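Comments concern the structure below.
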Amino acid sequence: MPRVFKSELRIVLAPSGIALLRTHGWLRPHTELLAECELGTAESAAARLDELLNTEACKAQPARIVLADHWARHWMVTPPANAARLVDCEVAAQARFQALYGEPLGEWQMSADWQARAPFLASALPRALLAALIEVCDKHELLLLEIAPQFVASWNRWRSGLRSGHWFGVLQDQWLTLGLSTGRRLAELRSLQVPAEALADPHWLRLTVEREAMRLMQAAPRGVQLCGGVPAAWLRGASEDWTCSQIEAPGEPDEPGEPSPSSGSGPLRLAAAVGWQ
Amino acid sequence: MMRAINIDFAPASRARALHRLPALLWGLALLGLVLAGSAALSLHAQTQERAALQAEIDQVSARLAARRQAQAAREQARPEALISPVQAQAMNAVIAQLNTPWSAMLNAMETASMGPVALLEFNPDPKSHLVKGVAEARHSDAMIAFIERLKAQTAFNGARLSRHEYAEQDATQPIRFEFELIWSESAP
């Protein structure tokens, strides 16, 4: 049955917890939260998801899963100049992964936006985590429509609103992933751990972005469009030549001096960041 | 708008591919199904109509064949003609003779025979609607005048001189001639 006629399960896995949501409707889809639970370790994610699905009696439904970038590894790959087959790009991606992370792909499952003539994004998720999640979904006869890391899901959700000259960022549980686009493509990507004190510093983001731009030998952007748990301090750091905006929930401006209603962490914050809430 | 990033870790399956088809494709597929159904119904109706027509044609053909057969049987069973062709020909000749407009022709001849012309023979041929005659005149002018008078008669459609000679054995040496007349169909 086509997706327009059926409700879908949305499973959000963040380091701090799991959220189970369901979407209904076609023209004006709405999402309801079915269940939420805390998560101790990545190893227990599949077991907790199994419990949630059992509790909510979710069976034989289409489902999408988004995982926080905390578990994902993203890297850009420049395809070999003489790439003629997909396997050439695969080898280049594997070599780049090893060069960046100092280990082979063995424990990681890779997926990439394969391009033969332009740099492309490759992502990897822990193979064990992925296999456990798929096993749980099979057990509950879920039709897995998509498993995507948060950055990919957020980019695809908000790409129509991205402005040129701005970077795109996803912040979740103090893990910031920044994307730099050239033309209509993602050109570069940086993932950073955000120190706790930086969340209250209105200038930290600008300084960090300028430093990363220098490292990438790019001009500093005019601003960053963020999604996820964006701290209010960052949003207040805007000036004439620098903007920091939150891309989702544009109708909810923050009051000065108060914590942003969109800030925070957890699976529900992640669900909002990918446009599921 | 930025290009989408095509990264997905979900295992590929046919059900997933079908489910992810855009609504437009489903709409097109639905439209295709409706059109195919409509075409099938139309074909079915046409087939039925054709079968009905074929049955009707078969019925009519069978009726026609039966009628032909009956006609052939009737023709076979019909007794031989009572009159032979020779007899029929003779009867037709008699009927033609009877239908010859004698009175009209004789009246016309009588009218034309005025003057120094003597009618010697008068042989009507009903089959070819011709009258052949032989006559004598004292001189050629009388002969010509006689033929012209015959032409003027309404009982005849035409008159012509077919042969003429002088009768030398006769002392007065009259001119003997043969003529043909075409009698008109409308003559009573």
Side-chain angles (χ1 to χ4, degrees), chain A residues 1-6 8 26 62-67 72 74 109-115 118 120-127 129-131 133-134 137-138 142-149 151-164 168 179 181-186 189, chain B residues 1-70:
Chain A
M1 186 179 282
R3 62 181 173 210
V4 293
F5 299 126
K6 225 173 181 181
E8 282 182 11
W26 175 28
R64 292 174 194 272
I65 299 177
V66 66
L67 292 103
H74 300 294
Q109 172 98 32
M110 178 178 65
S111 177
D113 184 22
W114 303 109
Q115 305 290 328
F120 58 86
L121 177 68
S123 299
L125 290 173
R127 202 178 286 277
L129 173 62
L130 209 53
L133 290 176
I134 291 171
C137 290
D138 286 346
L142 300 184
L143 171 60
L144 266 177
L145 300 177
E146 184 182 20
I147 300 176
F151 180 81
V152 173
S154 300
W155 173 278
N156 287 340
R157 172 64 184 84
W158 305 114
R159 65 195 169 98
S160 60
L162 300 184
R163 297 196 295 267
S164 66
F168 173 67
S181 55
T182 304
R184 292 176 54 240
R185 290 174 183 277
L186 178 72
L189 184 127
Chain B
M1 188 164 73
M2 294 293 171
R3 208 177 142 274
I5 299 173
N6 186 22
I7 287 182
D8 191 355
F9 290 88
S13 71
R14 193 177 298 167
R16 172 175 171 248
L18 275 176
H19 195 91
R20 290 175 65 166
L21 278 179
L24 179 67
L25 279 183
W26 281 102
L28 286 176
L30 199 65
L31 182 69
L33 275 178
V34 168
L35 287 177
S38 154
L41 280 178
S42 170
L43 185 69
H44 181 65
Q46 280 186 1
T47 310
Q48 277 191 331
E49 195 178 342
R50 193 173 170 175
L53 280 173
Q54 190 59 48
E56 202 172 331
I57 288 170
D58 289 347
Q59 259 185 355
V60 171
S61 300
R63 224 180 296 158
L64 208 63
R67 195 176 290 176
R68 277 188 193 144
Q69 209 171 352

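Chain letters run A, B, ... following the sequence lines, proteins first and then strands; every chain starts at 1. These numbers come from a predicted model, not from an experiment.
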What part of [X] gets closer than 4.5 Å to chain B, counting heavy atoms only: side chain, backbone, both or neither?
| X | answer |
| --- | --- |
| A/Phe151 | side chain |
| A/Ser123 | both |
| A/Leu186 | side chain |
| A/Leu121 | both |

Taking a cut-off of under 4.5 angstrom between non-hydrogen atoms, the residues of residues 2-17 of chain B near chain A are B/Met2, B/Arg3, B/Ala4, B/Ile5, B/Asn6, B/Ile7, B/Asp8, B/Phe9, B/Ala10, B/Pro11, B/Ser13, B/Ala15, B/Arg16
Which salt bridge (charged side-chain N to carboxylate O under 4.0 Å, His left out) pairs, counting each pair once, include a residue from residues 26-49 of chain B, with sequence neighbours left out?
none
What pairs of donor and acceptor atoms, side-chain ones from residues 54-62 of chain B against any protein atom, are under 3.5 angstrom apart with sequence neighbours left out?
from: B/Gln54; atom 1: NE2; to: B/Asp58; atom 2: OD1; distance (Å): 3.3
from: B/Ser61; atom 1: OG; to: B/Ile57; atom 2: O; distance (Å): 2.8

How long is the straight-line distance from CG of A/Leu145 back to NE2 of B/His19, given to the nearest 0.5 Å?
4.5 Å
Which residues pass the side-chain contact (heavy atoms from CB on, under 4.5 Å) test with A/Ala72, sequence neighbours left out?
A/Asp69, A/His74, A/Leu125, A/Pro149
